[in-house]
Colleague: 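Take this structure first; my questions come after.
The structure displayed is predicted, hence computed values, not measured ones. Note on naming: letters A, B, ... go to the chains in the order of the sequence lines (proteins, then strands), and numbering restarts at 1 for each one.
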Number of protein chains: 2
Amino acid sequence: MPRTPAPGTRDRILGVASRLFYDHGVRAVGMNRIITEAGTGKNLLYQHFPAKSDLVAAYLEGARERRAEAMRRALEAAGDDPREQLVALVAEVATTVRHPRFRGCAFRNYLAEFPEDDAERDGTPAVVAHAQLEESRAAIAERVARLDVADPDRLVEQLWLLVDGLYLQAAYRDRLDDQLDPAADAAVDLARRLVNTRP
Amino acid sequence: MPRTPAPGTRDRILGVASRLFYDHGVRAVGMNRIITEAGTGKNLLYQHFPAKSDLVAAYLEGARERRAEAMRRALEAAGDDPREQLVALVAEVATTVRHPRFRGCAFRNYLAEFPEDDAERDGTPAVVAHAQLEESRAAIAERVARLDVADPDRLVEQLWLLVDGLYLQAAYRDRLDDQLDPAADAAVDLARRLVNTRP
DNA sequence: GTCTATAAGGGGATAGAC
DNA sequence: GTCTATCCCCTTATAGAC
């Protein structure tokens, strides 16, 4: 049984691939380009990732971990009030969206690129993407459930609409010099009004 | 000078291509499939559309005309009150989204599929898509400008967030049995509250 | 043995020629 | 309509360098 050679290789390949996938789209980036920019051999890449699909799934999995960590930090900073936590979740997205190199939500971008990619086996990119979206939505639903509002389901939908709206706008509004800051501010403002409305 | 042969040919090709592009995505549909399903010859297709890009642009242009017509009808039915017109614009999107065969916004789908398609020449698909989005947003901004609200820009952003949120959710929430109806209702409800808030 | 570099297989794309 | 040219894709196999 051979030892795992060159421990940093997998991470380096995955890092290069992740940046390329995110910046240019999964379909637009070929394996050749990843190999060239990573400075590695083709054999080694296919040893760590038997197919491009595995590499894409690992890319989304990494993005998911980073998103989960960011959400966790935002919730911690918001304290114990579920209303403040809900505002913090939307505000975290608003902050993420403002990042200069932000180019849309990685998971929604993937699903838009591969609309016919069914969720068959475990570890499929589509499965990872759906899991992240459901997890993110569940974080909102949990906190809304702790509020005393007349129609909690509706509030979840409305907050989720803000999040999705922000992500989608970020995906196309950067073409012209259209800044996302007003949209991000408007989303946070609206989220605060929504969670503070008494039944 | 040869006569224009078979006047309905162009429309037939465009109709078949539009349906395929919308249902399966632009990248997933090759020219061969369009030719096969349209029952036309390859020569004839390239005579009407010299490149695939031209066919895609015509597909988006057609979708744009249909969207403009739907918006015009919704505004007419809403009467002269700008508040009712704004609610009608969001409600029209909510209705469109509920359609069983709805598979997302054609323009946003295209921009997601081709993120690096710059707007260079006229008639490019990306140009058509951007024009439609700006036109749709302008329809909201015009009516908000006629309201006496404290921060009109913010209201435009918030209404636009609802529209984008609806469109994006429609693009991925239909995978599982997740119905869009609650989201559509929530969006219309929120739009009504937003435009009826006094400064 | 481990990695790189290169070539080739198999498929499908657009576009054009006949 | 069929057939071909050209290109790029993912993937595998082979050959060479440290």
Side-chain angles (χ1 to χ4, degrees), chain A residues 1-18 20-60 109-110 113-118 120-121 123-126, chain B residues 2 5-6 8-10 12-14 16-18 20-60 109-110 113-118 120-121 123-126:
Chain A
M1 187 172 177
R3 288 205 38 153
T4 321
T9 308
R10 198 194 123 102
D11 288 343
R12 181 163 45 90
I13 294 173
L14 184 54
V16 170
S18 297
L20 291 173
F21 284 155
Y22 184 70
D23 286 345
H24 307 285
V26 172
R27 269 207 149 99
V29 175
M31 298 297 265
N32 271 333
R33 183 166 176 189
I34 296 172
I35 287 154
T36 301
E37 298 211 12
T40 180
K42 192 170 278 194
N43 227 328
L44 197 53
L45 186 150
Y46 277 98
Q47 180 178 327
H48 286 286
F49 305 97
K52 184 180 182 179
S53 168
D54 301 314
L55 187 53
V56 177
Y59 149 62
L60 291 181
N109 285 353
Y110 174 82
E113 269 195 292
F114 299 87
E116 316 219 294
D117 189 8
D118 275 335
E120 57 236 11
R121 301 156 300 174
T124 294
Chain B
T9 309
R10 197 194 123 102
R12 182 161 45 89
I13 295 173
L14 184 54
V16 170
S18 297
L20 290 174
F21 284 155
Y22 183 70
D23 286 345
H24 307 285
V26 173
R27 268 206 149 100
V29 176
M31 299 297 266
N32 269 334
R33 183 167 177 188
I34 297 172
I35 288 157
T36 301
E37 298 210 13
T40 181
K42 189 171 273 193
N43 248 335
L44 205 51
L45 186 149
Y46 279 100
Q47 179 179 328
H48 286 288
F49 305 98
K52 184 180 182 178
S53 169
D54 301 314
L55 187 52
V56 176
Y59 148 62
L60 291 181
N109 285 351
Y110 174 82
E113 269 194 292
F114 299 87
E116 315 219 297
D117 190 8
D118 275 335
E120 57 238 9
R121 300 156 302 175
T124 295

Colleague: Tell me the interatomic distance from B:Met31, atom CE, to D:dG1, atom P, rounded to whole angstroms.
Modeller: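 One finds 16 Å between P of D:dG1 and CE of B:Met31, rounded.
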Colleague: Side chain of B:Ala51, heavy atoms from C-beta onward: which of C:dA15, C:dT4, D:dT11 has the nearest atom to it?
Modeller: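 The listed nucleotide nearest to B:Ala51's side chain is C:dA15.
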Colleague: Using whole Å, what does the distance between atom P of nucleotide C:dA7 and atom CG of A:Asn32 come to?
Modeller: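 Going from CG in A:Asn32 over to P in C:dA7 covers 13 Å.
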Colleague: Mapping A:Gly30 and A:Asn43 to their closest nucleotides on DNA chain D, which lands nearer the 5' end?
Modeller: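 Checking each residue's closest nucleotide, the 5'-ward one belongs to A:Gly30.
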Colleague: The side chain of B:Lys42 is closest to which nucleotide in this list: C:dT14, C:dG16, D:dC10?
Modeller: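 The nucleotide sitting nearest to the side chain is C:dG16.
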Colleague: For A:Arg12 and C:dT4, give me the distance from atom CZ to atom C1', rounded to whole Å.
Modeller: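 Distance check: A:Arg12 CZ to C:dT4 C1' gives 12 Å.
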Colleague: Does B:Val26 offer a backbone N or O that forms a donor-acceptor pair with the side chain of B:Glu113 under 3.5 Å?
Modeller: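 Checked: pair present.
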Colleague: How long is the line joining CD1 of B:Ile35 and P of C:dG12, in whole Å?
Modeller: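 About 16 Å, once rounded to whole Å.
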Colleague: Please confirm whether the backbone N or O of A:Gly8 pairs with a side-chain atom of A:Asp11, one donor and one acceptor, at under 3.5 Å?
Modeller: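 Looks like no, no N/O pair under 3.5 Å.
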Colleague: Between B:Tyr46 (OH) and D:dA5 (C1'), how many Å, whole number?
Modeller: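 It works out to 13 Å between those atoms.
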Colleague: Would you indicate which nucleotide in C:dA13, D:dT11, C:dT4 comes nearest to any side-chain atom of A:Thr40?
Modeller: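 So the side chain of A:Thr40 is nearest to C:dT4.
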Colleague: Can you see which heavy atom on A:Asn32 is nearest to which on A:Lys42, and at what distance?
Modeller: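 Of all heavy-atom pairs spanning A:Asn32 and A:Lys42, the closest is OD1-NZ, 2.9 Å.
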Colleague: In this structure, how many angstroms lie between the P atom of D:dT11 and the CZ atom of A:Arg33, rounded?
Modeller: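 Interatomic distance, CZ of A:Arg33 to P of D:dT11: 18 Å.
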